[in-house]
Amino acid sequence: MRASDRFLPGPVLGIETSCDETAVAIVAGGVVLTNRVSSQIPVHRRFGGVVPEIASRNHLLTILPTVQLALEDVGLRGSDLAGIAVTNNPGLMGALLVGVQTAKTLAHAWQVPLLGVHHIEAHCWAVMLAPPGTASGAGDEAQDWPQPALPCLALAVSGGHTSLYRLDGAGRTELLGATLDDAAGEALDKFGKVLGLPYPAGPHIDRLAQDGDPRRYALPRGLRNRRDVAMSFSGLKTAGRLAIEAARAAGCDLSDVREQADLCASYQDAVVAQLVNTTMRAARQFELRDIVIAGGVAANSQLRADLIAACDAEGRRAWPTPAAYCTDNGAMIAGLGSSLLHAGERDDPFTLDASPTLRSSLSTRKRQRDAARLLPGS
Ligand code: KG4
Ligand code: ZN
């Protein structure tokens with residue numbers, strides 16, 4: 001199968017408002033035509049984290065102008081679209097509702113098919129999109145692009161989630177293991193906050209760690225002696241805070257970037273070691289050769305490099321999601337939406353609802369439908 005055959009050929013609009021980015025993109029045949037992200041990070045920075053009510057209000061202000069800009073980018077009218085996809089779970093409820101309500105209204109007004117998509121499944125599917133710069137309207141084989149072989153293993157690692165999935169197809173994921181407590185992104189952001197770095201701290205830690213000594217502080221590297229592929233970051237989070245407090249008590253000047261660099265390098269090394277070790281264990285255990293990393297933390301340079309090295313050593317193939325599609329974006333929503341619409345999935349613009357939990361995953365909905373078909377009389 002050619003890569004582009006996984007997608008609807010026509011333009012699909014993707015809307016993402018689950019957290020603090022108002023993001024809109026248009027994807028056609030797996031090629032990203034435009035990818036607009038209106039970030040609220042500066043708005044939330046002074047609170048040290050996302051304030052849900054402020055996020056919803058800002059989504060309300062920016063969503064329609066962002067949709068307008070995306071359409072202008074590609075010279076299309078709303079009624080030209082082949083579909084609209086929107087994140088409807090999981091996320092902050094008020095924030096999700098802005099995107100879902102907008103998508104329902106536009107789909108009804110423009111008379112185009114609508115689909116609610118699962119944010120984490122969309123993160124995992126973003127790697128299937130054409131690499132930036134691929135000519136749009138991919139028609140012949142020469143214009144197609146490489147994709148991981150399915151089934152593959154997907155590590156979804158973001159501010160709110162750290163999970164390992166077996167990825168069988170668009171919206172077809174099976175959970176293999178997850179963190180028992182904090183997400184890796186949350187552990188990075190909290191550590192950075194104690195160190196005095198701006199929110200979100202992940203990218204700052206990534207940058208500072210490049211000049212630091214990862215062996216200066218010994219920090220815990222996850223759960224030992226487990227047969228499953230569970231992870232845990234809460235012990236590391238506490239150990240990181242204690243290391244900062246001990247360094248301060250010992251007279252280290254933590255406003256000095258060299259001191260910050262050693263702390264960041266040591267902490268990041270511990271986070272990445274646990275992610276890579278657990279992912280490789282899962283790949284062996286579930287016999288999956290291709291490994292995708294997705295979500296905001298997948299932008300981390302050490303995680304990308306260490307996973308590629310570990311895969312090379314074992315004859316596996318690493319697929320880090322292109323950096324532009326790691327943190328929250330509309331392209332991943334349009335991408336998964338395009339594949340699912342292509343497979344015949346649809347939602348009703350009058351009844352589609354948002355859910356803050358992982359409950360209404362498409363995989364779950366499919367399983368429920370399959371189960372319903374097996375009931376007598378159905
Ligand atoms: O996927 P995402 O944009 O939002 C959620 O769905 O949560 O992920 C955001 C997370 C934040 O914790 C942020 O600090 C982290 O991704 N992040 C990074 C990097 N860029 C973003 N963490 C480490 N290194 C990075 N370069
Ligand atoms: Zn995300």
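Numbering of ligands and ligand atoms starts at 1, following listing order.
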Quick check: are there more than 12 heavy atoms from other residues, nucleotides or ligands sitting under 6.0 Å from CZ of R226? yes
Is it the case that more than 12 heavy atoms not belonging to R227 sit under 6.0 Å from its CZ atom? no
Could you list the atoms of ligand 1 found under 4.0 angstrom from a heavy atom of [X]?
| X | result |
| --- | --- |
| N300 | 23 (C), 24 (N), 25 (C), 26 (N) |
| G185 | 12 (O) |
| T327 | 3 (O), 21 (C) |

Are any of the side-chain nitrogens in R221 or D269 under 4.0 Å away from the carboxylate oxygens of its partner? yes
Salt bridge or not for R166 and E287, using N-O below 4.0 Å? no
In this structure, would F286 and I293 fall into the same cluster of hydrophobic residues linked by side-chain contacts under 4.5 Å? yes
Relative to atom 26 (N) of ligand 1, which among D206, L188, V272 owns the nearest non-hydrogen atom? D206
Write out the residue and atom name of the closest protein heavy atom to [atom], then the distance separating them to 0.1 Å.
| atom | value |
| --- | --- |
| atom 2 (P) of ligand 1 | D328 OD1, 3.3 Å |
| atom 21 (C) of ligand 1 | G296 O, 3.4 Å |
| atom 7 (O) of ligand 1 | G159 N, 2.9 Å |
| atom 22 (N) of ligand 1 | G202 CA, 3.4 Å |
| atom 12 (O) of ligand 1 | D189 OD2, 2.7 Å |

Indicate the ring-plane relationship of F7 and W145, choosing parallel, tilted or perpendicular according to the 30° and 60° boundaries. tilted
Between H119 and ligand 1, find which residue part has any heavy-atom pair under 4.0 Å and reply side chain, backbone, both or neither. side chain
So which atom in I333 and which in I15 form the shortest heavy-atom distance, rounded to 0.1 Å? CG2-O, 3.6 Å
side-chain hydrogen bond (donor to acceptor under 3.5 Å, both in side chains), that's the test. Do D182 and S234 meet it? Break it down for me. CA-CA 6 Å; D182 299 318; S234 67; 4.8 Å; no
Does any N or O in the side chain of E16 come within less than 3.5 Å of the main-chain N or O of S18, such that one atom is a donor and the other an acceptor? yes
Whether the side chain of H44 engages the backbone of P200 through a donor-acceptor N/O pair (distance < 3.5 Å, no angle test) should be reported. no
Tell me whether G160 reaches ligand 1 (any heavy atom closer than 4.0 angstrom to a ligand atom). yes
Decide whether the shortest distance between a heavy atom of H123 and an atom of ligand 1 is less than 4.0 Å. yes
Nearest 0.5 Å please: distance from the CG atom of L242 over to the NZ atom of K237. 12.5 Å
Under 2.8 Å from the Zn ion (ligand 2), which protein N, O or S atoms are there? Could you list them by chain and number? H119 NE2, H123 NE2, D328 OD1
Going by distance alone, is a donor N or O of one side chain under 3.5 Å from an acceptor N or O of the other, for T327 and E21? no
